[in-house]
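First the structure, in the form of structure tokens, and then the observations on it.
The structure displayed is predicted, hence computed values, not measured ones.
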Amino acid sequence: MSTFRIGRVTGLPATECWLKVTDWPAHGAAVPLTAVTASGPGPAGVGTTVVARSGTGRFCFDDPMEIVEWEPPSAGRRGRCRLEKRGRVVTGWAEIEVHGTDSGSVVLWVEELRLARLPRLLDRLVTRVGRLVFARALDEILNGRAGH
């Protein structure tokens, strides 16, 4: 499995930052050739299914994930969301945390992923590519450039 971490500091208050990083369609808008949808209880929360559909034409695959932990930030408490990947092509998990600070907030995104049929020899490459793609996506989401 490939695991990567991405951290960002932003001037956004923790609650606003949380709303941005848990805006699932915005994730799709920030990742090339990807659309993200969510369904389930409320707009988001435990039990919500998030599906990232990546690719083009007949070369597409779904990355279904289920939110298994959902704790929005509040005064003095970090926010935390954990998604478990439930697909045949992509497995693993992702965790997004938002910590409030005196001047804004800090986001920590940790993801462990495994691509089916890809030799473990390529895990380092998957880690590097994942870190680059998701760091760019997180920057776009936080800076409001990931519209939908």
Side-chain angles (χ1 to χ4, degrees), residues 1-12 14-40 43-73 78-101 103-148:
M1 294 234 169
S2 302
T3 304
F4 57 88
R5 295 175 184 271
I6 304 163
R8 293 293 184 266
V9 176
T10 178
L12 297 170
T15 52
E16 184 179 344
C17 181
W18 176 261
L19 290 174
K20 284 182 176 268
V21 299
T22 60
D23 177 352
W24 309 120
H27 285 247
V31 177
L33 301 173
T34 301
V36 179
T37 58
S39 61
V46 172
T48 296
T49 299
V50 177
V51 179
R53 183 163 184 77
S54 298
T56 183
R58 43 179 240 189
F59 300 104
C60 286
F61 67 92
D62 288 340
D63 177 11
M65 298 162 266
E66 180 184 353
I67 297 175
V68 296
E69 291 182 37
W70 179 263
E71 301 169 15
R78 70 182 168 118
R80 184 167 187 268
C81 175
R82 180 177 173 95
L83 301 107
E84 297 282 343
K85 296 177 175 286
R86 307 278 194 219
R88 293 183 316 225
V89 177
V90 183
T91 60
W93 51 266
E95 291 180 353
I96 301 170
E97 291 186 5
V98 174
H99 302 262
T101 66
S103 59
S105 54
V106 174
V107 179
L108 178 61
W109 180 333
V110 181
E111 186 151 347
E112 181 178 281
L113 60 91
R114 177 89 179 114
L115 300 175
R117 300 186 199 121
L118 197 64
R120 293 198 187 271
L121 176 68
L122 297 177
D123 280 355
R124 280 186 157 175
L125 177 62
V126 170
T127 298
R128 285 188 188 135
V129 170
R131 186 180 298 119
L132 287 172
V133 168
F134 290 108
R136 180 180 165 273
L138 183 57
D139 289 342
E140 286 192 25
I141 290 164
L142 291 174
N143 293 314
R145 294 189 303 263
H148 48 272

Indicate yes or no: at least one non-hydrogen side-chain atom of [X] is less than 4.5 angstrom from one of [Y].
X	Y	result
Val107	Leu142	yes
Phe4	Leu113	yes
Val106	Val98	no
Val133	Val31	yes
Trp24	Val51	no
Ile141	His27	yes
Arg136	Pro32	yes
Cys17	Leu19	no

Residue that, paired with Thr3, satisfies side-chain contact (heavy atoms from CB on, under 4.5 Å) out of Arg114, Glu112, Arg131 |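 Among Arg114, Glu112, Arg131, the one meeting side-chain contact (heavy atoms from CB on, under 4.5 Å) with Thr3 is Glu112.
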Residue that, paired with Cys81, satisfies side-chain contact (heavy atoms from CB on, under 4.5 Å) out of Val50, Ile67, Val46 = Ile67
Any chance you could lay out the salt bridge (Lys or Arg N to Asp or Glu O under 4.0 Å) test for Lys85 and Glu111, step after step, and finish with the verdict?
-> CA-CA 10 Å; Lys85 296 177 175 286; Glu111 186 151 347; 3.1 Å; yes
Cation-pi, Trp93 ring and Arg82 (6.0 angstrom, 45 degrees) = yes
Do NZ/NE/NH1/NH2 and the carboxylate oxygens of Asp63 and Arg53 come within less than 4.0 Å?
->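 The answer is no: the pair does not qualify as a salt bridge.
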Please walk me through it: do Glu71 and Arg80 pass salt bridge (Lys or Arg N to Asp or Glu O under 4.0 Å)?
-> CA-CA 5 Å; Glu71 301 169 15; Arg80 184 167 187 268; 5.4 Å; no
Determine, step by step, whether Ser54 and Thr34 satisfy the side chain to side chain donor-acceptor pair (under 3.5 Å) criterion, reporting the C-alpha distance in whole Å, the side-chain angles of both residues, the deciding distance to 0.1 Å, and the verdict.
-> CA-CA 4 Å; Ser54 298; Thr34 301; 2.9 Å; yes
Hey, could you give me the CG/OG distance between Leu125 and Ser2, rounded to the nearest 0.5 Å?
-> 8.5 Å
